[in-house]
**Student:** 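One structure, pasted below without further comment.
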There are 2 protein chains.
Amino acid sequence: MDSYLNGHRVLVALDCIIFGFDGKSLKLLLIKRNFEPEVGKWSLMGGFLEENEALQSAASRILFTLTGLHNNYLEQLQTFGAVDRDPVERTISVVYYALVTIDDQDPVTLQAHNASWIDLADKPALIFDHDQMVETALRQLRYKAAMYPIGFELLPEKFTVPQLHKLYEAIYGVQLDRRNFSRKVIATELLRGTGEKDETSLTKKGQLYALNTEKYQAYLNGYATFMPELAELAKP
Amino acid sequence: MDSYLNGHRVLVALDCIIFGFDGKSLKLLLIKRNFEPEVGKWSLMGGFLEENEALQSAASRILFTLTGLHNNYLEQLQTFGAVDRDPVERTISVVYYALVTIDDQDPVTLQAHNASWIDLADKPALIFDHDQMVETALRQLRYKAAMYPIGFELLPEKFTVPQLHKLYEAIYGVQLDRRNFSRKVIATELLRGTGEKDETSLTKKGQLYALNTEKYQAYLNGYATFMPELAELAKP
DNA sequence: TTGTATTGTGTAAATTTTACACTATATATT
DNA sequence: AATATATAGTGTAAAATTTACACAATACAA
């Protein structure tokens, strides 16, 4: 068998939801389009699947193009396939979401693509079905960040427990008791004390921790659930 | 803008994991292929996306073709996009999973496709990346069935609590305390007593319940989490 | 030195989960 | 008809977890 005859072949788009955290709120990397179609409107970063390119590689390429970053957390979310989702031509879009550290960005690359970090709360309306993609991605992030400690992917290498606490409040949009949260995180044994303190603080300086990478891998492989009670917040 | 020039267009396959429950164990509807490629081997039911057809509609069509059923629980799982996943031609496959009641099947349609219900524990090796699809689907089913009461989609209209209990044990592959499970399910208010009893039982006949559809909708919309503690069993 | 903001530790009440004893119903067997 | 066996259904207490909040420690500014 050489090929499937009579098959209908379609253009495969990829769109990427890029999450970041600035210490206060959850952010999205969005682009104000300086190209067709829908020039002037806001959208996710996207592209098309190329010949001899795996989906995951294509998503990785698109993320790299915009941010200059490799090896970030990048996971497939879902594929959007309404017939008229793109008025230009029938496409399906395979959507990925990425977690990146905002500081690691190359500002020149960002500016070249007319991209900026937007507070999730201030998100403008996006083109096509991109709003729905963001909604789905946030739900998936909430689920994954409860089951696995992937939130760390949004923080710099060294961080304090209060920073982690603010991150999780931002992800779930709720208040979490600071003291109970701290104890729970410490109990996971995911943190390795560095002995350093957060010198940027204006008040009491918190202890800086780094990720215990072995434990982290164990958690990713299902060794235990990171914060099971948060999974309930990943609902419609 | 009339079309995207220079874009690479690919064949979009769809594959469908169909779960069923026979009262004892979780089953998969698999086909022993009587057509090319990979004739004679086991695989999931699949097909190709057609022109002017939404992904969800295509999945629904494929499910209907095999089972004669409409309006089943059918949810998109993930898209598989390795370059060489199909040796015949480069394709990507959008995978859906369905929950159906085994009794509702049309045996003639099943036989025409050479399809049979196989115990999940006895699953033969499948073609291409279909084994991986099944593994991912089972994980997703475990997650969803913990958060939302979708397990009911696998049971007949009227069922007893012990039947539901056996179903959940089959889904998660663990023993769940019969008595605690029963109380927890009753507490969800998802069950409406019918006053009838399970006459097929050889010993004490259990009370037959039906689903409270309003509550069911509420749970699907995030009103509450069905069985949060089971979510932890949805891990690699 | 005092006031304010934040970090970090202690602890008890409330809730949920877990484990298991016991009763009830139906059929088969003696 | 009595007894044995299997499954359905109810009760309850111990264990574990979650939640709520008191209090102490650190850093800087006024």
Side-chain angles (χ1 to χ4, degrees), chain A residues 22-25 146-147 155-156 158-170 172 174-210 224-234, chain B residues 22-25 146-147 155-156 158-170 172 174-210 224-234:
Chain A
D22 66 356
K24 293 198 168 167
S25 51
M147 303 292 280
L155 292 176
K158 294 175 185 175
F159 52 87
T160 66
V161 173
Q163 280 166 11
L164 186 64
H165 171 244
K166 282 190 191 65
L167 167 63
Y168 268 78
E169 286 194 331
Y172 293 97
V174 296
Q175 287 224 324
L176 302 169
D177 187 279
R178 178 177 71 77
R179 296 148 294 187
N180 294 336
F181 181 89
S182 168
R183 257 187 303 264
K184 201 166 290 186
V185 172
I186 300 291
T188 63
E189 300 181 20
L190 278 159
L191 304 188
R192 184 168 50 74
T194 63
E196 300 169 57
K197 290 187 173 182
D198 173 21
E199 297 298 336
T200 69
S201 170
L202 295 173
T203 63
K204 180 170 179 178
K205 302 180 198 314
Q207 164 81 38
L208 279 171
Y209 291 91
T225 306
F226 182 53
M227 296 221 161
E229 72 282 6
L230 293 179
E232 302 204 30
L233 301 176
Chain B
D22 67 355
K24 293 197 169 169
S25 50
M147 303 293 280
L155 293 177
K158 294 174 186 176
F159 52 87
T160 66
V161 172
Q163 281 165 11
L164 186 64
H165 171 244
K166 282 189 190 66
L167 168 63
Y168 269 79
E169 286 193 333
Y172 293 97
V174 296
Q175 288 224 322
L176 303 170
D177 187 279
R178 178 177 70 78
R179 297 148 294 186
N180 294 336
F181 181 89
S182 168
R183 258 187 303 263
K184 200 166 292 186
V185 171
I186 299 290
T188 62
E189 300 180 20
L190 278 160
L191 304 189
R192 183 168 50 75
T194 64
E196 301 169 57
K197 290 188 171 183
D198 173 22
E199 298 298 335
T200 69
S201 170
L202 294 173
T203 63
K204 179 170 179 178
K205 301 182 199 312
Q207 164 79 38
L208 279 171
Y209 291 91
T225 305
F226 182 54
M227 296 223 160
E229 71 283 6
L230 294 178
E232 303 204 30
L233 300 175

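Everything numeric here is computed off the predicted structure, so don't read it as measured data. Order of the sequence lines fixes the chain letters, A, B, ..., with proteins taken first and strands second; residue numbering starts at 1 for each chain.
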**Student:** Determine yes or no for a side-chain-to-main-chain donor-acceptor pair under 3.5 angstrom, with B:Thr188 supplying the side chain and B:Val185 the backbone.
**Tutor:** yes
**Student:** Could you tell me the separation between the CG atom of B:Asp198 and the C1' atom of D:dA6, rounded to a whole number of Å?
**Tutor:** 14 Å
**Student:** Rounding to a whole Å, what distance do you find between A:Glu169:CD and C:dT6:P?
**Tutor:**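 To the nearest whole Å, that distance equals 13 Å.
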**Student:** Just to confirm, is there a sub-4.0 Å distance from OP1 or OP2 of C:dT25 to any side-chain nitrogen or oxygen of B:Lys197?
**Tutor:**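 False: B:Lys197 side-chain N/O out of range (4.0 Å or more) of C:dT25 OP1/OP2.
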**Student:** Measure from CZ on A:Phe181 to C1' on C:dG8 and round the result to the nearest Å.
**Tutor:**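 The answer, rounded to whole Å, is 15 Å.
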**Student:** Tell me the interatomic distance from B:Glu229, atom CD, to C:dT15, atom P, rounded to whole angstroms.
**Tutor:**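 After rounding, the reported distance stands at 18 Å.
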**Student:** Considering only C:dA19, C:dT17, D:dC21, which nucleotide approaches the side chain of B:Arg183 most closely?
**Tutor:** C:dA19
**Student:** Looking at C:dG8, does its base get a donor-acceptor pair with the side chain of A:Arg178 below 3.5 Å?
**Tutor:** yes
**Student:** Taking side chain as C-beta onward, heavy atoms only, is B:Phe159 less than 4.5 Å from B:Leu191?
**Tutor:** yes
**Student:** When the distance from CG of A:Leu233 to C1' of D:dT18 is rounded to whole Å, what number comes out?
**Tutor:**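 My rounded result for the distance is 14 Å.
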**Student:** Starting at atom CG of B:Leu230, determine the distance to atom C1' of C:dT18, rounded to an integer number of angstrom.
**Tutor:** 14 Å
**Student:** Using a 6.0 Å cut-off, check whether atom NZ of A:Lys158 has over 12 heavy atoms from anything other than its own residue.
**Tutor:**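 Open.
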**Student:** Nearest whole angstrom, please: distance from the C1' of C:dT9 to the CG of A:Asp177.
**Tutor:** 13 Å
**Student:** When you get a sec, tell me which of C:dG8, C:dA21, D:dT19 is the closest nucleotide to the side chain of A:Asn180?
**Tutor:**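 The closest nucleotide is D:dT19.
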**Student:** For B:Leu202 and C:dT25, what is the distance between atoms CG and P respectively, to the nearest whole Å?
**Tutor:**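 B:Leu202 atom CG is separated from C:dT25 atom P by 18 Å.
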**Student:** Does any donor-acceptor pair link the side chain of B:Lys204 with the base of D:dA8 at a separation under 3.5 Å?
**Tutor:**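 Donor-acceptor pair under 3.5 Å: yes.
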**Student:** If you assign A:Ile186 and A:Ser201 each to the DNA chain C nucleotide with the nearest heavy atom, which residue ends up on the more 5' nucleotide?
**Tutor:** A:Ser201
**Student:** Of all the nucleotides listed (C:dA21, C:dG10, C:dA5), which has the minimum atom distance to the side chain of B:Arg179?
**Tutor:** C:dA21
**Student:** Among C:dT17, D:dG9, D:dA8, which nucleotide sits nearest the side chain of B:Lys166?
**Tutor:**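 Looking only at heavy atoms from C-beta outward on B:Lys166, the closest nucleotide is D:dA8.
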**Student:** Are any side-chain N or O atoms of A:Tyr168 and backbone N or O atoms of A:Phe181, one a donor and one an acceptor, separated by less than 3.5 Å?
**Tutor:**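 Such a contact is absent between A:Tyr168 side chain and A:Phe181 backbone.
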**Student:** Please find the pair of heavy atoms, one from A:Ala170 and one from A:Ser25, that lie closest to each other, and give the distance.
**Tutor:**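 Smallest heavy-atom distance, with atoms named: CB-CA, 4.1 Å.
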